[in-house]
Number of protein chains: 2
Amino acid sequence: MPNNQFKKGELYSFITGKASTAIARRLQKKFNTSGLHLTIEQWSVLYHLWKQDGISQQELCNATYRDKPSITRLVDNLEKLSLVRRVASETDRRINRIYLTKQGQKLEEETMQLADETLNEALLSVPPDKVDVCKEVLQIVYDNLVNCND
Amino acid sequence: MPNNQFKKGELYSFITGKASTAIARRLQKKFNTSGLHLTIEQWSVLYHLWKQDGISQQELCNATYRDKPSITRLVDNLEKLSLVRRVASETDRRINRIYLTKQGQKLEEETMQLADETLNEALLSVPPDKVDVCKEVLQIVYDNLVNCND
DNA sequence: TTTGAATAGTTGCACAAACAACTATATGCC
DNA sequence: GGCATATAGTTGTTTGTGCAACTATTCAAA
């Protein structure tokens with residue numbers, strides 16, 4: 001059983017994503033203790049809107065690697081929080097463009113600060129070159145499973 | 001903005017765990033097309049029971065990095081599927097020991113085969129030493145966030 | 001021995017994810 | 001133009017997660 005291509009033993013925690021879960025929980029706690037009523041999932045949508053405002057729900061699906069119903073409901077909740085608003089596209093009425101409100105724009109600085117803090121805590125004592133290797137591997141894994149077949 | 005300790009740019013996908021999500025989805029699809037009515041989360045509980053049968057729900061919490069209510073419900077559903085059963089401990093009646101049924105035991109071989117397949121597909125063309133670095137980094141991240149403070 | 005704290009587990013609630021089925025709009029081909 | 005097909009988004013259902021509040025049992029200390 002041991003002589004496979006990789007040592008599989010502890011690799012199954014890859015599947016369950018314990019590390020990313022730990023990071024997400026830490027960041028969520030920082031949000032909560034800062035009085036931000038915002039989930040990590042909502043934040044991840046805002047994150048892409050801060051990079052490019054006014055993208056469609058479908059583009060948010062691709063950017064966040066979520067399916068359409070998930071984005072529909074995340075945008076629903078972000079609208080309820082008055083952080084974004086849906087604007088039907090003039091040229092293609094199937095499309096909703098999602099725009100940040102003033103309130104949504106205002107959250108960028110504080111939350112990105114907390115996210116940076118969280119990553120610094122997570123990566124404490126990890127040499128930068130190892131972080132780069134890790135990023136590279138995770139990117140290949142993602143590409144292997146998403147771009148290729150399926 | 002760029003001169004931080006780490007290049008943070010693409011690091012935020014760490015938080016959202018896109019790679020582990022991709023792996024989990026691929027494995028779930030394999031389960032579905034094999035006619036296995038089993039979620040990845042249920043499988044992750046069975047995985048620890050295959051390693052050690054009869055552990056308590058609290059031990060499953062620690063092993064799977066989930067909170068107690070999550071394990072309560074996962075065990076509920078695994079019991080409904082007749083894959084495990086709760087047995088109250090004789091020595092400490094607060095504790096439920098979780099035991100695999102015959103059906104639960106039978107799933108090990110097939111599902112681990114599919115999990116191995118999935119990891120091979122995920123890690124295709126990734127050199128083993130880089131996988132090791134990646135594992136090491138993810139372990140440190142987990143330890144930094146879970147063991148230390150919190 | 002009793003009382004208070006700690007531990008194991010359950011339940012209620014809000015939010016999120018995956019899948020299927022659905023509506024509405026756009027596009028391309030006859 | 002009209003019809004088939006593709007695309008964008010929504011809704012319903014089941015499952016899982018995180019938090020808070022709760023019950024039951026154990027343990028420890030006065």
Side-chain angles (χ1 to χ4, degrees), chain A residues 15-18 20-33 36-45 55-62 64-81 83-84 86-98 150, chain B residues 15-18 20-33 36-45 55-62 64-81 83-84 86-98 150:
Chain A
I15 298 176
T16 54
K18 282 163 97 168
S20 61
T21 302
I23 294 175
R25 280 194 208 163
R26 171 63 57 97
L27 180 55
Q28 183 69 66
K29 273 189 191 162
K30 285 181 190 291
F31 283 1
N32 295 343
T33 57
L36 296 170
H37 298 298
L38 192 67
T39 67
I40 299 307
E41 295 82 3
Q42 292 165 355
W43 173 81
S44 78
V45 171
I55 60 179
S56 70
Q57 293 189 201
Q58 183 58 54
E59 288 169 316
L60 283 172
C61 291
N62 302 334
T64 63
Y65 192 42
R66 289 183 168 85
D67 68 355
K68 291 190 290 177
S70 295
I71 291 297
T72 292
R73 276 141 184 160
L74 284 173
V75 172
D76 284 350
N77 287 336
L78 286 169
E79 257 192 335
K80 279 181 203 155
L81 293 168
L83 299 177
V84 306
R86 286 174 164 95
V87 177
S89 166
E90 303 262 321
T91 59
D92 186 340
R93 285 163 54 204
R94 291 172 303 181
I95 293 176
N96 288 337
R97 307 212 159 275
I98 311 301
D150 177 66
Chain B
I15 298 176
T16 54
K18 281 163 99 168
S20 61
T21 302
I23 295 176
R25 283 194 205 162
R26 172 64 57 95
L27 180 54
Q28 184 69 67
K29 273 189 190 160
K30 285 181 190 290
F31 283 0
N32 294 344
T33 58
L36 296 170
H37 299 298
L38 193 66
T39 67
I40 299 305
E41 293 83 1
Q42 290 165 355
W43 173 80
S44 77
V45 170
I55 61 179
S56 69
Q57 294 189 199
Q58 183 58 55
E59 288 169 316
L60 283 172
C61 291
N62 302 335
T64 63
Y65 192 42
R66 287 182 170 86
D67 69 354
K68 291 189 290 177
S70 295
I71 290 299
T72 291
R73 276 138 186 162
L74 285 172
V75 172
D76 284 349
N77 288 336
L78 286 168
E79 256 191 336
K80 281 182 200 154
L81 293 168
L83 299 177
V84 307
R86 286 176 164 95
V87 177
S89 166
E90 303 261 320
T91 58
D92 185 340
R93 285 162 56 203
R94 291 172 302 182
I95 293 175
N96 287 337
R97 308 214 156 274
I98 311 301
D150 170 68

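Letters A, B, ... mirror the listed sequences (proteins, then strands); counts begin at 1. Note that these values count all heavy atoms, side chains included, but never hydrogens, waters or copies made by symmetry. On a predicted model such as this, the values are computed, not experimentally measured, just so you know.
With D:dT11, C:dG9, C:dA26 as the choices, the nucleotide that has an atom nearest any side-chain atom of A:Asp92 turns out to be C:dA26. Nearest nucleotide to the side chain of A:Ser70, out of C:dT10, C:dA17, C:dA26: C:dA17. Taking the side chain of A:Ile95 as heavy atoms from C-beta on, and the options C:dA16, D:dG9, C:dT10, the nearest nucleotide is D:dG9. Of the candidates C:dT11, D:dT10, C:dG9, C:dG9 carries the atom nearest the B:Lys68 side chain, counting heavy atoms from C-beta on.
Distances shown here put every side-chain N or O of B:Arg94 at or beyond 4.0 Å from the OP1 or OP2 atom of C:dG9. For the OP1/OP2 pair of C:dA18 and a distance below 4.0 Å, the side-chain nitrogens and oxygens of B:Arg25 include at least one atom meeting the criterion. Residue B:Thr39 places at least one side-chain N or O closer than 4.0 Å to OP1 or OP2 of D:dG16. Here A:Gln42 reaches the OP1 or OP2 of C:dA16: one of its side-chain N or O atoms lies under 4.0 Å away. Between A:Arg86 and D:dT10 there is a side-chain N or O to OP1 or OP2 distance below 4.0 Å. A close approach under 4.0 Å does occur between a side-chain nitrogen or oxygen of B:Gln57 and OP1 or OP2 of C:dT10. In this model, the phosphate group of D:dG18 is not approached by any side-chain N or O of A:Asn32 to a distance below 4.0 Å at OP1 or OP2. In this model, the phosphate group of D:dT25 is approached by a side-chain N or O of B:Arg93 to a distance below 4.0 Å at OP1 or OP2.
Distance B:Ile71 CD1 to C:dT7 P: 19 Å, rounded to the nearest Å.
Of the residues in residues 72-79 of chain B, B:Thr72, B:Arg73 come within less than 4.0 Å of DNA chain C through at least one heavy atom, sorted by number.
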